[in-house]
Enquirer: 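Submitted below is the structure of interest, expressed as structure tokens.
Positions are given from 1, in the same order as the sequence printed here.
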Amino acid sequence: MFKEKINPLQNYQDKITKFILDHEIDKKNINILEFGVREGRSTKMFLDICAKNEGKLISVDVDDYSNLFNDNNWTFLKTRDDDYEKVSSYFSEDFDIILIDSLHEPNHVSKLIYTYWKHLKLNGSMYIDDISWLPYVKNSWRDHEYTENINRDTFNKILEIQLSNFGNINLIFSFSGSGMCRIVKQNHNELSKPKLLFPRKNYIKKILKKLLFLFKKD
């Protein structure tokens, strides 16, 4: 019953509306860069904002979605999102929004963040989709082991970026559906490289302590 109550497509649309558009809707001459198109759901929503606010949208995908829309505010690039030389040749100004919703793999996501960060305006936002593993854990509404693990790894990678950039970024998470994060640019500094997380939890140590305690009792 629980699985039937949640519509992933509607959830995605609600997430784009509430977590992105509600924060960006009043920006005039808005400039948007989008990695990943697929059915064009976010693309359509961005184009609606561009029409109202005299904005421009560049969308990038390895598959050809150029036939989805006929809009003067839209530029579609059929190429890899990490083909920086080609993608950046279409830039005329920095971006208010950069959405990363293409290959959901932590190192690739990190590569895109560091590659395109310099093209984000001050106080602009970089959004990364699919950072929550909760819907995909065992017996949850989208139970899927691979997606559970890759989303958790992406989440941790973003935390590693935050760990070395507290003065440079403001990080906000949404755990609606498959989750999304917003990274707000606080200054024009280059991002420092990610810093590995070293949790204090040490399960081996705890086990040894428990064993030692049991031996002492005997």
Enquirer: Answer yes or no for Lys27 and Phe95: cation-pi contact, defined as NZ/CZ to six-membered ring centre under 6.0 Å and angle to ring axis within 45°.
Expert: no

Enquirer: If you count every heavy atom of other residues, nucleotides or ligands that lies below 6.0 Å from Asn187 atom CG, does the total exceed 12?
Expert: yes

Enquirer: Output yes when Lys121 and Asp94 qualify as a salt bridge under the 4.0 Å nitrogen-oxygen rule, no when they do not.
Expert: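 A salt bridge is absent here (no side-chain N lies under 4.0 Å from a carboxylate O).
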
Enquirer: Give a yes or no on whether Tyr90 atom OH has more than 12 heavy-atom contacts from other residues, nucleotides or ligands under 6.0 Å away.
Expert: no

Enquirer: State whether the side chain of Asn53 and the backbone N or O of Gly55 hold a donor-acceptor pair below 3.5 Å, judged by distance alone.
Expert: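 Not at all, since once roles are kept as given, no pair shorter than 3.5 Å links the two residues.
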
Enquirer: Using every non-hydrogen atom in the two residues, find where Val137 and Glu148 come nearest and quote the distance to one decimal.
Expert: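 It is CA-OE1, 3.6 Å.
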
Enquirer: Has Ser89 got a side-chain atom pairing as donor or acceptor with Lys86's backbone, closer than 3.5 angstrom?
Expert: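 Indeed, once roles are kept as given, a pair shorter than 3.5 Å links the two residues.
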
Enquirer: Does Thr79 offer a backbone N or O that forms a donor-acceptor pair with the side chain of Asp83 under 3.5 Å?
Expert: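 Looks like no, no N/O pair under 3.5 Å.
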
Enquirer: What I want to check is whether the side chains of Ser174 and Lys18 have a donor and an acceptor closer together than 3.5 Å.
Expert: no

Enquirer: Under a 3.5 Å distance rule, please check whether Lys15 uses its side chain to pair with a backbone N or O of Gly179 as donor and acceptor.
Expert: yes

Enquirer: What heavy-atom pair brings Ile150 and His104 nearest, and what distance separates the two atoms?
Expert: CG1-O, 3.2 Å

Enquirer: Side chains of Asn156 and Glu160: donor-acceptor distance under 3.5 Å anywhere?
Expert: no

Enquirer: Under a 4.5 Å side-chain heavy-atom rule over Ile, Leu, Val, Met, Phe, Trp and Tyr, are Phe69 and Ile49 clustered together?
Expert: yes

Enquirer: Just wondering, are more than 12 heavy atoms of other shown residues or ligands nearer than 6.0 Å to CG in Asp22?
Expert: yes

Enquirer: Please state whether the rings of Phe19 and Tyr127 are parallel, tilted or perpendicular, taking 30° and 60° as the class boundaries.
Expert: perpendicular

Enquirer: Might you confirm whether atom CD of Glu105 has over 12 heavy atoms from other residues, nucleotides or ligands at distances under 6.0 Å?
Expert: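 Counting neighbours around CD of Glu105, more than 12 heavy atoms of other residues, nucleotides or ligands fall under 6.0 Å, so yes.
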
Enquirer: So does Glu85 have more than 12 non-hydrogen atoms from other groups sitting under 6.0 Å from CD?
Expert: no

Enquirer: Between Arg38 and Tyr65, is NZ or CZ placed under 6.0 angstrom from the six-membered ring centre and within 45° of the ring axis?
Expert: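 No.
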
Enquirer: Could you tell me whether Lys157 and Asp153 make a salt bridge, using a distance below 4.0 angstrom between a side-chain N and a carboxylate O?
Expert: no

Enquirer: Is the backbone of Gly124 close enough, under 3.5 Å, to the side chain of Asp96 for a donor and an acceptor to pair up by distance?
Expert: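 No, Asp96 side chain to Gly124 backbone: no donor-acceptor pair under 3.5 Å.
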
Enquirer: Determine the minimum heavy-atom distance between Ser125 and Arg182, stating which atoms define it.
Expert: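 In terms of heavy atoms, the two residues are closest at OG-CD, 3.3 Å.
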
Enquirer: Salt bridge or not for Asp82 and Lys111, using N-O below 4.0 Å?
Expert: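 The answer is yes: the pair qualifies as a salt bridge.
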
Enquirer: Hey, quick one: are Ile172 and Leu99 part of the same hydrophobic cluster, counting side-chain heavy atoms closer than 4.5 Å, chains of contacts allowed?
Expert: yes

Enquirer: Mind listing the closest non-hydrogen atom pair of Glu93 and Asn31 along with its distance?
Expert: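 Reported closest heavy-atom pair: CG-ND2, 3.2 Å.
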
Enquirer: Short question: side chain of Ser164, backbone of Lys193 - any donor-acceptor pair under 3.5 Å?
Expert: yes

Enquirer: Is the distance between the ring centroids of Phe155 and Phe173 under 6.0 Å?
Expert: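 Close enough - the centres of the two rings lie under 6.0 Å apart.
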
Enquirer: Identify the heavy atoms of Thr43 and Glu34 that sit nearest to each other, and give their distance.
Expert: OG1-OE1, 2.8 Å

Enquirer: Can you run down the ring pair (Phe, Tyr, Trp, His ring centres under 6.0 Å) pairs that involve residues 21-60, sequence neighbours left out, and say none if there aren't any?
Expert: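 Pairs touching residues 21-60 that pass the test: Phe35-Tyr116.
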
Enquirer: Would you say the side-chain atoms of Ser59 and Trp74 include a donor-acceptor pair closer than 3.5 Å?
Expert: yes

Enquirer: Of all heavy-atom pairs between Leu33 and Val60, which one has the smallest distance, and what is that distance?
Expert: CD1-CG2, 4.3 Å

Enquirer: Would a single hydrophobic cluster contain both Phe175 and Leu171, if residues Ile, Leu, Val, Met, Phe, Trp and Tyr are joined by side-chain heavy-atom contacts under 4.5 Å?
Expert: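 Yes, same cluster.
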
Enquirer: Any chance the side chains of Ser132 and Asn151 put a donor and an acceptor closer than 3.5 Å?
Expert: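 Judged by distance alone, the side chains do not pair up.
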
Enquirer: Just to verify, what does Tyr114 make a ring-ring contact (aromatic ring centres under 6.0 Å, His included) with, not counting sequence neighbours?
Expert: none

Enquirer: When hydrophobic residues are tied together by side-chain contacts of less than 4.5 Å, even through go-betweens, does Trp117 share a cluster with Ile97?
Expert: no

